[in-house]
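Let me begin by presenting the structure, written as C-alpha cells, before commenting on it.
Note that the structure is a prediction, hence the values are computed from the model and not measured.
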Amino acid sequence: MNHLLDQLYKTKLRLAGLVTAVAGTGLLFLSHAVVTTPTLSWLIGWPTSELGTTLLSAGVIAVIFEYYARKEADERATEHFRSAIRQEAPAIRDAVLNSFAFSPEGLKGIASDDTLDRIATNSIGLRVGDSELARDAYADLREQVIRSPERWRNVDVSVSLQPWADGPTAGHGSMFVATIRWEYRVRPASATMRFACVADLAEYRELLRDPSTTSAWYFEPHGSVKAESKDAFELVQLSVNGKEQRIRRTERRGAQLYSVGLGKAASSGEEITLSYTCRVLVQRHGHLLYLDLPRPTKGFHVQFDYSRADIRYVNVLDYFASPDSSRVERSTDSAAARTIDVGFDGQIFPRAGVAFVWVLTSELHSVSKTDAH
C-alpha cells in the first residue's frame, strides 16, 4: 500500500495535468474561434494557438513523463540509500555502540530491564569466553546488587569485648559481652529498621534473606539466658544524622525483635548517616565473632578491641570477593590497648563480612601445663 503522501502527490499531479490540459484545449478552441468570429478579431495578434498547444503538451505529455521519471528516480534513490547503508553499516554500528558505552543514560532510555540484562550477560560472555559462566555470574550480581533494597557507604564499626559479669568466668556458660557500634551512609529503602535475636536456626537463616531485616543474631540458650533476654541481645541506641530515635522492643518465646522508625529523613530521598549500638553475648569458648554485611557496601573499616578480654591472639578472616586485599593493622605488644583494625576501600558484595577468631590465654596455659607433665 502506497504511503499517504505518495497518494496525495499523485492526486495533485493528475489534477494539475487535467487543469493544464483543459486550459490548453480551451486556448486552441479560442484560437480557432478568432478566425470565424468578427467580435474576437482583436485577438488575432495573440499567440493563443501556441499557448494552447504548450499547455496541452504540459498537461498530458509532460505530466505523464514526470510521473514515470519520478518513479524511476525514487527507485534509484532507494537503491543508492541501500548501498550507502550497506557500506556505512559498520561505522554506524560502532558509533551507536560507542555512544551507548560512553552515555549509559542513552541506553537506559531505549532498553527495558530485560534487554539490559541480556546485553550485560552477552557482553560478559564475550569478555570471559564462557556464556554459561557469564549467565551464572550476572545472575548472582543481579540478585545481590541490582535487586538489593539499599547500598551502604563508608561503613565504620567498632567492637569491644569484655567478660560477662553475670556468668562464670571460665568453662561452660562463660561469655564475652560484645559492644558493637555501626555507622554508615545510606539512602534508606524503608522508613523502619528491624533487628532480631532468635534461637531457631531456620528462622535465623530466613531473617538473613529478608531484605526488611537490618540485622539478625542467632543465640543458643545457656542456662537462664534465652534469646528473648536482654542479656543475650540489646539494641542500645540508634540515631539518624545524630538525632536519637525511639526504640520499640517486643519479645516472644525464643526471640526478641526491635524496630526503629527513621522519621522524615527516610522519606526525603537524601543520603543520611545512620548509627546504632548493640550489645550481644558471645560464647567465650566459641572463639568466634562474625560481622555480616547484608547490603552492597563501598568502603569498610572495623576496629576490634580485646584489651579487657582473656585473649592471647586474634586471627582475622575477611570474606571480600575482590582482587584487592584488606588492610589489617595490629596494636603493638607494648600498647595499652590491644586492637585490630581492618579496612577495605573497594566494593563489597552482600553476605560478605569479617570473622575474628581468638585464642584464649587460659587455653595456652593449660596446654603448657599438659606438655610439662
Side-chain angles (χ1 to χ4, degrees), residues 102-109 111 113 116-117 120 138 140-159 179-196 207-217 235-249 257-280 290-304 318-324 326-327 341-354:
F102 289 101
S103 179
E105 291 300 323
L107 181 59
K108 181 180 178 181
D113 290 344
L116 291 175
D117 289 341
Y138 184 73
D140 289 343
L141 179 67
R142 182 179 57 216
E143 291 299 322
Q144 296 185 67
V145 179
I146 299 176
R147 294 181 178 177
S148 176
E150 58 189 24
R151 299 173 187 179
W152 295 357
R153 187 169 65 88
N154 298 339
V155 177
D156 188 79
V157 185
S158 63
V159 181
T179 302
I180 308 173
R181 184 181 186 277
W182 291 76
E183 180 173 300
Y184 53 90
R185 302 280 296 173
V186 66
R187 286 187 176 87
S190 172
T192 304
M193 296 181 66
R194 294 178 174 85
F195 303 79
L207 289 172
L208 289 179
R209 296 190 296 267
D210 186 354
S212 65
T213 302
T214 304
S215 177
W217 288 87
L235 181 63
V236 179
Q237 66 84 220
L238 187 147
S239 63
V240 177
N241 293 332
K243 184 178 180 180
E244 295 293 329
Q245 304 297 309
R246 180 184 176 186
I247 298 175
R248 298 175 177 85
R249 178 181 179 273
L257 306 173
Y258 292 84
S259 61
V260 184
L262 301 182
K264 296 181 179 179
S267 58
S268 65
E270 300 293 329
E271 193 177 56
I272 63 175
T273 299
L274 277 173
S275 62
Y276 64 87
T277 303
C278 61
R279 283 196 296 262
V280 59
Y290 180 71
L291 299 178
D292 178 57
L293 290 168
R295 305 286 187 265
T297 300
K298 170 67 173 178
F300 177 75
H301 170 259
V302 56
Q303 183 181 76
F304 184 79
D318 69 71
Y319 298 91
F320 305 146
S322 172
D324 299 327
S326 59
R327 303 182 305 276
D341 286 83
V342 181
F344 187 78
D345 298 328
Q347 296 283 355
I348 303 174
F349 283 1
R351 302 275 75 88
V354 176

I'd like to know if the side chain of T297 reaches the main chain of R295, judged simply by a donor and an acceptor atom lying under 3.5 Å from each other, with no hydrogens or angles considered. yes

- Message: Less than 4.0 angstrom from a charged side-chain N to a carboxylate O is my criterion; do R327 and D345 meet it?
- Response: yes

- Hey, are S239 and S275 close enough side-chain-wise for a donor-acceptor pair under 3.5 Å? yes

| query | How about F300 and V157: do any of their side-chain heavy atoms sit closer than 4.5 Å? | reply | yes

Closest non-hydrogen contact found for H301 with D156 is ND1-OD1, 2.8 Å

Distance col, row R246:CZ vs E244:CD, nearest 0.5 angstrom, shows 14.5 Å

Across all chains, not counting sequence neighbours, the salt bridge (charged side-chain N to carboxylate O under 4.0 Å, His left out) partners of R249 are E251

Contacts of A352 meeting side chain to side chain contact (heavy atoms under 4.5 Å, CB included) (sequence neighbours excluded), chain-then-number -> F320, I348

Exercise for review: Return yes if a side-chain donor-acceptor contact under 3.5 Å exists between T277 and Q237, otherwise no.
Suggested key: yes

Here the pair of heavy atoms bringing L208 nearest to R351 is O-NH1, 3.0 Å

Q) For residues R194 and T213, is any side-chain donor paired with an opposing acceptor at under 3.5 Å? A) no

Rounding to 0.5 Å, atoms CZ (R248) and CG (L235) come to a distance of 12.5 Å

When every non-hydrogen atom of E150 is compared with those of P296, the smallest separation belongs to O-CD, 3.5 Å

Interatomic distance, CZ@R147 vs CG@L141, rounded to 0.5 Å, equals 11.0 Å

Residue pair Y319 / Y290, side-chain heavy-atom distance below 4.5 Å | yes

d(S322 OG, F349 CZ) to nearest 0.5 Å is 9.0 Å

Between L291 and the options V342, V302, V155, D318, the side chain to side chain contact (heavy atoms under 4.5 Å, CB included) test singles out V302

d(K243 NZ, K264 NZ) to nearest 0.5 Å is 8.5 Å

Look at the side chain of N241 and the backbone N and O of T273, then say whether any donor-acceptor pair between them is shorter than 3.5 Å. yes

Rounding to 0.5 Å, atoms CZ (R153) and CD (Q347) come to a distance of 11.0 Å

Taking every heavy atom of P294 against every heavy atom of P350, the minimum-distance pair comes out as O-CB, 3.6 Å

Partner of F195 under ring pair (Phe, Tyr, Trp, His ring centres under 6.0 Å), picked from Y258, W182, Y276, is Y276

Note: S215 and W217 closest approach over all heavy atoms is OG-NE1, 3.3 Å

Residues passing the side chain to side chain contact (heavy atoms under 4.5 Å, CB included) test with L262, sequence neighbours excluded, are P188, M193, L238, V240, A266, L274

- Side-chain contact, heavy-atom cut-off 4.5 Å: R151 with K298? no

Any side-chain donor paired with an acceptor under 3.5 Å for D117 and Y138?
yes

